[in-house]
Amino acid sequence: MYTSSELFEQEQEKIFRNTWVWVAHASEIPDKGSFKLSKVGREPVIVVRDRKDNIHVMVNRCRHRAATVCEVHKGKTSSFQCPYHGWGYGLDGSLRALPNPEQYGDDFDKSQHGMLKLRVESYQGMIFATFNESIEPLEDFLGAAKKWIDLFMKQGGGYPVKTLGEHQFSVPMNWKVQLENTTDAYHFPIVHKSFLQSLDEEAEKTFTFLDGEGFVEDLGNGHSVMVMIPELVDLEEDLDRKIPERFAELAQALRDEGYPEDQVRRIVRAVGGSGFNLNLFPNVACSMAFFRVLTPVAVDKTDIRHIAIGMEGGPDIANRVRLRLHEHFQGPMGFGSPDDAEVWERIQRGVDGGAELPILVNRGIEKEVPGEAGPRGHVSDETGMRAAYAMWKRMMQE
């Protein structure tokens, strides 16, 4: 599962080319002509907004001799041009011009030589693309996960959600190691002990959740949700609750800027993040207060992006606090990402210890109960892993 190069190649074809893959958030391409580079599996793509506000996802490859037509990570443009022979493409991927076209003969049809385009759909600003033209609509694929995406987006605090910044890193691990991690609460008090020790007493109590009322649930199609802090599932409920001490200074600053008390509480609640992790098969997670995106590079190498989110048009001070919280846990010098990455790498090294030793993903299976969408287990159970692997198995056998 983690070490077969042949299996990895099959995954690229059967999974990443045949299902909905997250490529961007709408706030990353806010204006007409805005673009960003992304990946669908290992295939490089450009996500771009055209002059009519339509979003396109195109393979970043010239139709002539295969050179990439863009190497800038993100920006704004009116067209794309191949640096090799000058073929020019519009924002919709259509071939607009090429030097000396007469050499191709009178029957050369530019309309047949545009950039390869993927099918594109979005939900709540999350943009997905697929090579599979006959796949079910995105909303059907997301299914029961849509409810949780809607809840996650309440982190806008009354404003649209936008991306604030990100950091990227590579880990010498198979991509499925990360797929398992997002709805794995079992590791939290062990791997993230230093994070818990860095918190004040009130916050540490909030994040000590294994004995609470949380749960993990299979949402179908490989998706799963892990609820760690049930009182923070819906950020707009019970806004009269006491503001945590760590956010008291922010709340007062918002009051000083003239925000009414109900809006102060809504913004402060949003800044703290949601009380759950949502795993969307196969490559993106809505994890408490950020997006985590995985890209499979090789059987033993995976690129990870941790994208902070904030409030479009919201108070600058609130967005700054969001970034500081993101840095505290998910930043490159934070208490979360480095510890997670260390364990992920050790798993990849450990599987060389022998194929005859099974990996266990059966924690809690005998005590699962029916949830709203599928099997539900204790917050520390491996229900989410089983959900992902059920979808993996289904797609690999098709």
Side-chain angles (χ1 to χ4, degrees), residues 1-19 39 41-42 168-195 210 216 218 221-224 226 277 279-285 287 292-306 335-368 374-375 377-398:
M1 291 287 286
Y2 296 155
T3 61
S4 169
S5 296
E6 181 182 353
L7 193 67
F8 178 81
E9 294 300 327
Q10 292 179 28
E11 290 171 340
Q12 304 316 300
E13 181 64 31
K14 293 188 175 184
I15 294 178
F16 285 93
R17 284 185 63 91
N18 277 285
T19 194
K39 290 282 188 72
R42 290 179 300 180
Q168 305 179 31
F169 56 103
S170 297
V171 184
M173 66 170 178
N174 186 270
W175 67 278
K176 296 184 293 296
V177 173
Q178 203 294 295
L179 188 70
E180 298 169 356
N181 176 260
T182 299
T183 52
D184 176 357
Y186 194 29
H187 79 281
F188 200 91
I190 311 300
V191 175
H192 301 307
K193 183 177 181 180
S194 61
F195 167 72
L210 288 193
V216 58
D218 182 339
N221 288 341
H223 316 314
S224 61
M226 176 178 68
N277 284 0
N279 216 21
L280 299 177
F281 187 90
N283 77 316
V284 66
S287 185
R292 173 187 279 162
V293 187
L294 69 85
T295 301
V297 178
V299 66
D300 57 357
K301 182 179 179 182
T302 303
D303 287 347
I304 300 292
R305 295 171 58 211
H306 283 167
F335 288 90
S337 293
D339 289 343
D340 274 331
E342 169 71 14
V343 174
W344 299 340
E345 182 176 351
R346 290 176 70 162
I347 290 172
Q348 192 68 29
R349 292 204 300 268
V351 295
D352 290 331
E356 72 279 3
L357 299 172
I359 288 174
L360 305 181
V361 289
N362 62 334
R363 179 176 170 82
I365 195 169
E366 294 183 354
K367 294 184 178 181
E368 285 181 342
H378 182 266
V379 67
S380 70
D381 286 350
E382 290 160 350
T383 305
M385 297 180 199
R386 294 190 286 274
Y389 281 123
M391 184 65 170
W392 179 91
K393 184 178 180 180
R394 189 177 99 194
M395 295 194 72
M396 292 293 284
Q397 291 179 334
E398 288 180 351

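Just so you know, these numbers come straight off a predicted model, no measurement behind them.
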Side-chain donor-acceptor contacts of residues 390-398 below 3.5 Å, not counting sequence neighbours, with atom names and distances?
residue: W392; atom: NE1; partner: E11; partner atom: OE2; Å: 2.9
residue: R394; atom: NH2; partner: N221; partner atom: OD1; Å: 3.4

(message) Treating H223 as the side-chain partner and L280 as the backbone partner, does any N or O pair qualify as donor plus acceptor under 3.5 Å?
(response)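 Checked: no pair found.
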
(message) Using a 3.5 Å distance criterion without hydrogens, assess whether the side chain of E382 forms a donor-acceptor pair with backbone atoms of N362.
(response)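 Pair found, side chain donor or acceptor close to backbone of N362.
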
(message) Nearest 0.5 Å, please: how far is NZ in K39 from CG in N283?
(response)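 Output value for this atom pair is 12.0 Å.
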
(message) Let me confirm one number: the CD1-CE distance from I365 to M385, rounded to the nearest 0.5 Å.
(response)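 So the CD1 of I365 and the CE of M385 are separated by 12.5 Å.
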
Sequence neighbours excluded, which residues qualify as side chain to side chain contact (heavy atoms under 4.5 Å, CB included) partners of [X]?
{"X": "V299", "result": "S5, F8, N174"}
{"X": "R17", "result": "E13, E43, F131"}
{"X": "S380", "result": "Y186, L210, R363, H378"}
{"X": "S224", "result": "T183, N279, A387"}

(request) Answer yes if the ring centres of W175 and Y2 are under 6.0 angstrom apart, and no otherwise. (result)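 Centroid separation for W175 and Y2: 6.0 Å or greater.
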
(message) On a heavy-atom basis, which atom in E368 and which in P375 lie closest, and how many Å separate them?
(response)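 Looking at all heavy atoms of both residues, the closest pair is OE1-CB, 3.4 Å.
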
(message) Please find the pair of heavy atoms, one from F335 and one from H192, that lie closest to each other, and give the distance.
(response)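 Minimum heavy-atom contact is O-ND1, 3.9 Å.
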
With sequence neighbours excluded, give me every salt bridge (Lys or Arg N to Asp or Glu O under 4.0 Å) pair touching [range].
{"range": "residues 341-350", "value": "E342-R346, E345-R349"}
{"range": "residues 293-304", "value": "none"}
{"range": "residues 179-190", "value": "none"}

With [X] via side-chain hydrogen bond (donor to acceptor under 3.5 Å, both in side chains) - residues at least two apart:
{"X": "D218", "result": "none"}
{"X": "N277", "result": "S287"}
{"X": "E9", "result": "R42"}
{"X": "S337", "result": "H306, Q330"}

(request) Answer whether the closest heavy-atom distance between the side chains of D381 and V216 falls below 4.5 Å. (result)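 Answer yes - side chains close enough.
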
